[in-house]
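See below for the structure under consideration.
We count ligands from 1, going down the list as the structure has it; atoms in each ligand are counted the same way. If you're wondering where the values come from, they're calculated on a predicted model, not measured in any experiment.
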Amino acid sequence: GFDYPERLNAGVELTDRLVEKGLGDHTALIGNGRRRTYKELSDWTNRLAHALVENYGVKPGNRVLIRSANNPAMVACWLAATKVGAVVVNTMPMLRAGELGKIVDKAEITVALCDTRLMDEMTACAKDSAFLKQVIGFDGTANHDAELDRAALDKPVTFSAVDTGRDDVALLGFTSGTTGVPKATMHFHRDLLIIADAYAREILQVTPDDIFVGSPPLAFTFGLGGLAIFPLRFGAAATLLEQATPPNMIHIIETYKATISFTAPTAYRAMLKAMDEGADLSSLRVAVSAGETLPAPVFEEWTQKTGKPILDGIGATEMLHIFISNRFGDVKPASTGKPVGGYEARIVDDEMRELARGETGRLAVRGPTGCRYMADDRQREYVRDGWNLTGDTFTQDEDGFFHFAARSDDMIVSAGYNIAGPEVEAALLSHPDVAECAVIGAEDGERGQIVEAHVVLVQGVAPDALTTKRLQDHVKVTIAPYKYPRSVKFIAALPKTQTGKIQRFRLRDADCN
Ligand code: 3SK
C-alpha cells in the first residue's frame with residue numbers, strides 16, 4: 001500500500017524535503033538557459049508562497065489557474081500554489097479566452113497566474129468572468145521581472161506550508177478529450193506522490209542521477225508527472241522546453257546527457273530518423289512512450305538502434321498518470337504491458353462482467369489515484385462499481401499483457417466485421433510513403449461503414465490514384481485484406497488535441513458536413 005502521513009503537503013515533499021535529505025546542491029530544474037538547485041527551488045517557491053498569501057490573499061482551497069508553456073517558473077508557481085493549499089488547474093498556452101473561460105467557470109477559478117507573454121487571452125477571459133478576480137503576471141523567462149516576481153523578491157526563503165491533509169484536493173485535471181467535451185477530475189496531495197512511488201520508482205527505477213526530458217505539456221498530467229513530479233520526488237533533474245520539438249529534445253539529450261525521455265510515438269519516429277543523421281541518444285537509459293499506442297516497427301527499430309528499452313504505457317488524466325505499463329525485462333512489442341503496482345485492470349462487457357483472456361472488451365481500471373470527476377453525472381457514466389471505464393477497447397492475453405484495440409468509438413463495423421482503426425493505421429504507418437495517418441469509419445449505404453484513411457504523405461510523394469492503390473495493396477498484404485481502407489484521403493496535417501492526441505471525431509464530423 002501507499003502509506004503517507006495524514007497531514008501531507010505535496011509541494012513541501014517535492015522541494016524542501018529534498019533539501020532536508022542533503023540534495024540541496026543537486027540540480028532540480030534546467031530551462032530557459034538556467035540551472036536551479038533544490039535549495040534554489042525551495043527558496044523560490046517559499047518566496048512565491050509568501051507573495052500569494054500576503055500580497056494576493058490566496059487562501060487554502062482557492063482555485064488557482066496557471067497558464068504557461070513548460071518552463072521552471074511554471075513549476076515554481078505550481079509548487080508555491082500547492083504549498084499554500086490552493087487547488088491548481090494547469091493550462092496550456094494555446095488555449096484561447098473562450099476555452100479558458102469554460103475551465104474558469106467549471107473550476108470556479110478566482111486567481112490566475114499567467115506568463116506575461118500569454119496575458120492577452122487570460123485578461124480577455126477575466127473580463128467576462130464572474131469568478132476570476134485576479135490575474136497575476138509572472139516572468140516565464142529567466143529574468144524574474146513581472147508583478148509576481150517583484151512581490152516575491154524580498155520575501156523570506158522559509159515558509160510554513162499550509163497543513164493540508166493527504167486527501168485534500170491539490171489538483172484538478174481537465175481532460176482535453178478526443179470527443180471534444182472537457183471533463184474535470186480531482187486529485188489529492190497523496191496522489192501526486194503515489195504516481196511517483198508506484199510508477200517512477202518501481203518501473204523506471206529513478207535515482208538522483210537521472211535527467212528527464214520530454215514533450216508533453218505540464219498542463220497535461222502526463223507532462224506534470226514525467227517532467228516535474230517524477231524527477232522532484234527522487235532528487236533528479238528536469239529539463240523543461242517551451243518548444244519541445246524532436247530537434248530541441250535531441251539538443252537537450254546531447255547537451256545535458258538526459259537519461260529518461262517522455263514523449264509520444266511520432267516523436268520517437270522522428271528521433272530515430274535523426275539518429276541516421278548523427279543524433280546521439282546514447283545517454284538515454286529508458287524511453288517512455290504514451291499518448292498513442294507504440295507501433296511494433298517503432299518499438300523494434302528503437303530497441304535495435306539504441307539498445308535501450310522503450311516502455312509503452314497507458315494513463316489517463318482521470319487516474320493522474322500511467323496505470324498499465326511494460327517493464328524492464330518484461331516487455332511485449334505492441335502491447336501496453338501489465339498493471340502498475342497498486343492498480344487493477346480488467347476487460348469487461350457492457351454489463352461490467354469480466355471477459356475471458358483473449359476476448360476484446362472495455363478497459364476498466366481502479367487504483368489509488370482516481371477516478372473522481374467533479375460532475376456527478378460523469379461519475380455515474382464513467383465509474384461503475386468503483387471501476388473507471390477509460391473509453392478504450394482492449395484485450396488481455398494469456399500472459400497477462402494488455403493490448404490496445406481501439407478507442408471504443410474508433411471501432412469500425414463494416415459489413416458485419418469489427419475493424420479496429422488503429423490496426424489499419426499501424427499497417428499504413430509501416431509503408432515508407434506514410435508520415436502520419438488516422439483511420440475512421442465513414443458511413444456507407446452498402447456496408448454500414450467503410451474504413452477511411454486520412455493520410456499525411458512523406459514529402460515528395462504524389463497524392464494521386466497510384467499512391468492510393470499502393471497503400472491499399474500494402475494494407476491488404478500486411479493485415480487481413482477485409483480491413484483495407486476503401487477510401488483514402490490525403491491531408492496536410494491531422495487534427496490533434498493540444499496534448500498531441502489525434503482527434504478522429506473531427507475527421508468524422510468533417511465527413512458528415
Ligand atoms: O496515456 C495517456 O494519454 C496519459 C494520460 C494522462 C497521464 C498519463 C498518460 C500516459
(Q) Is the ring pair Y268/W302 parallel, tilted or perpendicular, if the boundaries are 30 and 60 degrees? (A)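 Plane angle over 60°, so perpendicular.
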Q) Relative to each other, are the rings of Y199 and F262 parallel, tilted or perpendicular (30° and 60° limits)? A)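 Perpendicular, since the angle between the ring planes exceeds 60°.
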What atoms in ligand 1 come closer than 4.0 Å to a heavy atom of [X]?
{"X": "G291", "result": "1 (O), 3 (O)"}
{"X": "T317", "result": "5 (C), 6 (C)"}
{"X": "L320", "result": "7 (C)"}
{"X": "A290", "result": "10 (C)"}

Q. What part of A316, side chain, backbone, both or neither, has a heavy atom within less than 4.0 angstrom of ligand 1?
A.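 Backbone only; the side chain of A316 stays clear of ligand 1.
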**Q.** Region of K501 that comes within reach of ligand 1 [heavy atoms, distance under 4.0 Å]
**A.**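 For K501, only side-chain atoms sit under 4.0 Å from ligand 1.
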Q. Is the NZ atom of K102 crowded by more than 12 outside heavy atoms at less than 6.0 Å?
A.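 No, not enclosed.
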Q: Could you tell me which non-hydrogen atom of R372 sits nearest to which non-hydrogen atom of D191, and how far apart they are?
A: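 Looks like NH1-OD2, 2.7 Å.
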Q.
Any carboxylate oxygen within less than 4.0 angstrom of a Lys/Arg side-chain nitrogen, looking at E436 and K496?
A.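 Between K496 and E436 there is a salt bridge, with a charged N closer than 4.0 Å to a carboxylate O.
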Q: Run down the list G500, G315, G313 and name the one with the heavy atom closest to atom 2 (C) of ligand 1.
A: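 Result: the heavy atom closest to atom 2 (C) of ligand 1 is in G315.
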Q) So, S215 versus T263: side-chain donor-acceptor pair below 3.5 Å or not? A)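 The criterion, which ignores hydrogens and geometry beyond distance, is satisfied for T263 and S215.
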